[in-house]
Amino acid sequence: DGGITQSPKYLFRKEGQNVTLSCEQNLNHDAMYWYRQDPGQGLRLIYYSQIVNDFQKGDIAEGYSVSREKKESFPLTVTSAQKNPTAFYLCASSTLQGGSGNTIYFGEGSWLTVV
Amino acid sequence: EDKVVQSPLSLVVHEGDTVTLNCSYEVTNFRSLLWYKQEKKAPTFLFMLTSSGIEKKSGRLSSILDKKELFSILNITATQTGDSAIYLCAVASNTGNQFYFGTGTSLTVIP
């Protein structure tokens, strides 16, 4: 079945460690996104990519890094520079077709807790 | 600055009540407005609206867009406890294929 797979679903990190969240999609979408959601809040954009080997910072990119070496994959690294990383992370994808025809699809999310 | 504002932030109602959730936006190069339902996991798609005045309906849920006044509403009639969730509004922009999300409305339906 087509979809977006995120892993791991739950992750605990010690302070000072980098962690990488995986995101893979088989929807043949060009655009991929990473959002962060804190309790009681909406989605905030961390990074997005519209094409392989290219990505742009979102509103809260500090302390995060991404890569887009393959169309299907858009991993997110939460670095030790991110001061408050405990949150729910959502990966998403969409087509780049023009007009009004596309929506954004989400993975199941990854819960990151710093201990 | 592009932004999407939802109101109210939270709402508690009794089963059977009707609720209206609001979403206003200021987004450059508007393409569409999307509603999602989120229940402790990934948001699930409800509606996509592109034209003013045309109601989209799915069961007890309906939504409409006003592109002149830059807002949308999501109505839920005869609410059930299973409607308890966060409802997210997003606006898609043709600029950079961006999606702008509101903070969501947290709906709690009590028996």
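Lettering of chains follows the sequences in order, A, B, ..., and the numbering in each one begins at 1. All figures in this text were calculated on a predicted structure; none of them were measured in a lab.
- Between the side chain of B/Lys56 and the main chain of B/Met48, a donor-acceptor pair closer than 3.5 Å is present.
- Proximity to chain B (any heavy atom under 4.5 Å) is shown, for A/Gln6, by neither the backbone nor the side chain.
- Checking side-chain atoms of B/Lys37 against main-chain N and O of B/Ser84 turns up no donor-acceptor pair under 3.5 Å.
- Side-chain contact check for B/Ser72 and B/Tyr25: no donor-acceptor pair (N or O, by modelled atom type) lies under 3.5 Å.
- Heavy atoms of B/Tyr100 lying under 4.5 Å from chain A are absent altogether.
- Side-chain atoms of B/Thr79 and B/Asp17 form no donor-acceptor pair, as typed in the model, at a separation below 3.5 Å.
- For A/Leu43, the parts sitting under 4.5 Å from any heavy atom of chain B are the backbone and the side chain alike.
- The stretch residues 33-87 of chain B participates, sequence neighbours left out, in no disulfide bond (SG atoms under 2.5 Å apart) pair at all.
- The side-chain heavy atoms of B/Gln98 and A/Leu45, taken from C-beta on, include a pair separated by under 4.5 Å.
- For B/Phe99, the parts lying near chain A are the backbone and the side chain together; criterion is any non-hydrogen pair under 4.5 Å.
- A donor-acceptor pair is defined here as one N or O able to donate and one able to accept, closer than 3.5 Å; no such pair exists between the side chain of A/Thr77 and the backbone of A/Thr79.
- Of residues 48-70 of chain A, those residues with a non-hydrogen atom less than 4.5 Å from any non-hydrogen atom of chain B are, in numerical order, A/Tyr48, A/Gln50.
- Only the side chain of B/Gln38 has a heavy atom closer than 4.5 Å to any heavy atom of chain A.
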